[in-house]
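Below: one structure, written as structure tokens.
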2 protein chains.
Amino acid sequence: MLFAKAIADETRQEIMGHLCCVWLSVNDVVERLGGRVSQPTVSHHLKILQEADLVLVRQEGRQRFYTLNQARLTVCCGTLLRTFAPDYAGEAPAIRPDTIVGPDADS
Amino acid sequence: MLFAKAIADETRQEIMGHLCCVWLSVNDVVERLGGRVSQPTVSHHLKILQEADLVLVRQEGRQRFYTLNQARLTVCCGTLLRTFAPDYAGEAPAIRPDTIVGPDADS
DNA sequence: ACATTATATAGACGATTGTCAATATGTCAA
DNA sequence: TTGACATATTGACAATCGTCTATATAATGT
């Protein structure tokens with residue numbers, strides 16, 4: 001489960017928080033981390049998040065904008081619940097009917 | 001979030017799978033892992049899961065029985081959803097009304 | 001008290017991970 | 001084409017992590 005490893009790091013969680021509901025360029029993210037993390041490190045974390053499909057990317061000119069993939073995160077939580085909390089996961093997953101999500105096919 | 005780090009390891013996930021819905025002694029877990037992991041390693045993983053409150057423990061004679069804490073896992077998934085997928089977490093969390101869960105107070 | 005069984009802890013070691021500085025790649029403007 | 005800017009990649013290094021063997025602790029029975 002790439003998802004679990006992706007969310008396991010605190011810096012990554014902080015980045016995810018900043019990318020929630022908004023599109024930010026890499027440098028925007030670096031700035032919001034208050035200079036505590038270098039640009040290459042942020043790029044590195046974004047790559048890991050991308051491999052877990054936890055961020056969406058949009059290129060615009062020379063900058064690249066990222067945002068949190070909430071749909072994917074919701075699917076992963078659903079999988080987690082159905083796998084490890086079957087006694088609590090009876091209710092339908094909290095996914096909007098009109099939402100298109102990719103396959104849940106990480107190992 | 002101790003939760004995220006706890007579920008990030010594959011061996012731990014496998015242990016969680018075995019502890020889902022059943023109580024197992026440490027040696028039971030070791031056996032179900034097919035001898036791939038030593039007893040001290042299993043104890044180590046169980047300790048990490050316990051620190052994240054993801055397992056419940058019951059002592060009986062000289063053996064200690066563990067089971068997955070599904071309620072806790074459900075709470076953590078709820079926190080995750082509300083934090084990182086607020087646009088999808090509108091629905092009520094999938095927690096039974098009569099369920100008693102501890103405070104969600106990991107960092 | 002001693003041996004036996006079940007689990008936990010300590011210490012060591014290799015593998016993985018997070019980080020940075022340096023550099024490469026890519027994009028646009030002059 | 002050259003320079004400036006934005007991001008990605010490389011290589012190195014320290015820190016963390018997963019694993020093992022050896023040993024300690026705890027509980028039970030003889």
Side-chain angles (χ1 to χ4, degrees), chain A residues 1-19 22-69 84 106-107, chain B residues 1-19 22-69 84 106-107:
Chain A
M1 195 175 281
L2 287 179
F3 165 71
K5 283 192 185 295
I7 66 169
D9 180 72
E10 293 199 353
T11 302
R12 233 132 52 207
Q13 286 175 24
E14 201 172 344
I15 292 175
M16 287 169 65
H18 288 302
L19 290 179
V22 294
W23 290 84
L24 294 182
S25 72
V26 177
N27 270 332
D28 287 342
V29 176
V30 173
E31 282 177 18
R32 307 213 179 190
L33 292 174
R36 263 174 302 115
V37 185
S38 71
Q39 175 267 311
T41 298
V42 171
S43 274
H44 174 239
H45 286 309
L46 288 172
K47 185 179 183 182
I48 290 174
L49 291 173
Q50 191 175 353
E51 284 166 354
D53 200 20
L54 280 172
V55 291
L56 304 174
V57 198
R58 174 167 56 88
Q59 183 112 17
E60 198 151 313
R62 38 187 157 190
Q63 35 197 358
R64 204 168 275 188
F65 290 90
Y66 291 86
T67 194
L68 194 58
N69 187 352
F84 295 121
D106 53 4
S107 64
Chain B
M1 193 175 283
L2 287 180
F3 165 71
K5 281 191 187 296
I7 67 169
D9 180 73
E10 292 200 354
T11 303
R12 233 132 54 207
Q13 286 176 23
E14 201 171 344
I15 292 175
M16 287 169 65
H18 288 302
L19 291 179
V22 294
W23 290 86
L24 294 182
S25 72
V26 178
N27 272 332
D28 287 341
V29 175
V30 173
E31 283 176 17
R32 307 213 178 192
L33 291 175
R36 263 174 301 118
V37 185
S38 71
Q39 175 268 311
T41 297
V42 170
S43 273
H44 174 240
H45 285 309
L46 288 171
K47 186 180 183 183
I48 290 175
L49 291 173
Q50 192 177 353
E51 283 166 354
D53 200 20
L54 281 173
V55 290
L56 304 173
V57 197
R58 175 168 53 90
Q59 184 113 18
E60 199 151 312
R62 41 187 155 187
Q63 34 197 0
R64 202 169 278 189
F65 289 90
Y66 290 86
T67 194
L68 194 57
N69 186 351
F84 295 121
D106 54 3
S107 62

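Just so it is clear, the values below take in all heavy atoms, side chains as well, and ignore hydrogens, waters and symmetry mates. Order of the sequence lines sets the chain letters (A, B, ...), proteins ahead of strands, with each chain counted from 1.
- Comparing D/dA27, D/dA22, C/dG18 by their nearest atom to the side chain of B/Arg62 picks out D/dA27.
- Comparing D/dC20, C/dT9, D/dT7 by their closest approach to the side chain of B/Lys47 singles out C/dT9.
- Rounded to a whole Å, the CG atom of B/Leu49 is 12 Å from the P atom of C/dA8.
- Remark: B/Glu10 does not engage A/Lys5 in a salt bridge, criterion side-chain N to carboxylate O under 4.0 Å.
- A/Phe65 comes within contact range of no nucleotide atom at all, as no heavy-atom separation falls under 4.0 Å.
- Fit an axis to the five pairs at each end of the helix from C/dA1-D/dT30 to C/dA30-D/dT1 and the two axes sit 10° apart, to the nearest 10 degrees.
- Side-chain contact check for A/Arg12 and A/His45: at least one donor-acceptor pair (N or O, by modelled atom type) lies under 3.5 Å.
- Rounded to an integer number of Å, the gap from B/Ile48 CD1 to C/dA8 P is 13 Å.
- Using a 4.0 Å heavy-atom criterion, one finds that A/His44 contacts the bases of the nucleic acid, with or without backbone contacts as well.
- Between A/Gln63 atom CD and C/dG26 atom P there is a gap of 18 Å when expressed in whole angstrom units.
- Listed nucleotides D/dT19, C/dT9, C/dT19 differ in distance to B/Pro40; the shortest reach to its side chain belongs to C/dT9.
- One N or O on the side chain of B/Thr67 and one on the backbone of B/Leu19 form a donor-acceptor pair closer than 3.5 Å.
- Here the C1' atom of nucleotide D/dT23 and the CD atom of B/Gln39 are 12 Å apart, to the nearest Å.
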